[in-house]
Amino acid sequence: MLLPKKLKHRKHHRGPIRGRSTAGNDIAFGQFALKSSESGWVTARQIEAARRAMTRSVQRGGKIWIRMFPDKPITNHGNESVMGGGKGAVDHFVAVVKAGKILFEMDGITEVQAREAMRLACHKLPVKTRFIVKQHTV
């Protein structure tokens, strides 16, 4: 699973998730991509599950790029804990995904294979996505 080696601050505020992505919204590496249509948090487990589904689908063919990284720590308290006592311990990490962000890219396979692999991956993610193909510029 993905997680940061080191953090500047151990516990973060939740922060707003609204708005559109200003960076990472163009295809940079591959030919095919999975683009987010809405904002949300994607956990490290969900990213890994989507990656495994895509890798299994293409069967050692092509290349996959993950364009998001879970660097936001999410804390939680145990059940039935009383009020007070401070903020809970870090439980897991999430990637903040805004609408328009490229989540995964693929290359080295046909469009049909890429579409099927991305379809399997999108079922593992909590945000709505769409499949896009890079436009050739002459």
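Note that the numbering runs from 1 along the sequence shown for the chain. These numbers come from the heavy atoms of this one structure, side chains and all, not from hydrogens, waters or symmetry mates.
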Are [Y] and [X] linked, directly or through intermediate hydrophobic residues, by side-chain heavy-atom contacts shorter than 4.5 Å (ILVMFWY only)?
| X | Y | answer |
| --- | --- | --- |
| I17 | M68 | no |
| I132 | L103 | no |
| M54 | I109 | yes |
| L125 | M1 | no |
| F104 | I102 | no |

Less than 4.0 angstrom from a charged side-chain N to a carboxylate O is my criterion; do E48 and R51 meet it? yes

Do the non-hydrogen side-chain atoms of [X] and [Y] ever get within less than 4.5 Å of each other?
| X | Y | result |
| --- | --- | --- |
| K87 | K11 | yes |
| L7 | P73 | yes |
| L3 | P70 | no |
| F69 | L2 | yes |
| W41 | Q46 | no |
| K101 | K35 | no |
| V94 | I74 | yes |
| E105 | I27 | yes |

Heavy-atom closest contact ([X] atom, [Y] atom, distance):
| X | Y | answer |
| --- | --- | --- |
| S37 | A99 | O-CB, 3.8 Å |
| V58 | M106 | CG1-CE, 3.4 Å |
| T129 | C122 | OG1-CB, 3.2 Å |

Within the supplied structure, the quantity of interest is the number of heavy atoms (other residues, nucleotides, ligands) at a distance under 6.0 Å from K124 NZ; does it exceed 12? no

Is atom NE2 of H123 surrounded by more than 12 heavy atoms (other residues, nucleotides or ligands) closer than 6.0 Å? yes

How many angstroms lie between CZ in R67 and CD1 in I47, if you round to the nearest 0.5 Å? 13.0 Å

Looking at CZ of F32 and CG of D107, how far apart are the two atoms once the value is rounded to the nearest 0.5 Å? 7.0 Å

side-chain contact (heavy atoms from CB on, under 4.5 Å) assessment of T110 paired with Q113: CA-CA 5 Å; T110 65; Q113 286 177 312; 3.3 Å; yes

Mind running side-chain contact (heavy atoms from CB on, under 4.5 Å) on F131 and E111 for me, showing each step along the way? CA-CA 10 Å; F131 179 80; E111 185 175 342; 4.1 Å; yes

Stepwise side-chain contact (heavy atoms from CB on, under 4.5 Å) check, K72 with F93: CA-CA 5 Å; K72 183 183 186 75; F93 289 87; 6.0 Å; no

Quick check against the 3.5 Å criterion: does S39 have a side-chain atom that pairs as donor or acceptor with the backbone of G19? yes

Could you tell me whether a side-chain N or O of H77 sits under 3.5 Å from a main-chain N or O of G86, the two making a donor and an acceptor? yes

Taking only residues two or more places apart in sequence or in another chain, which ones pass side chain to side chain donor-acceptor pair (under 3.5 Å) with E38? none

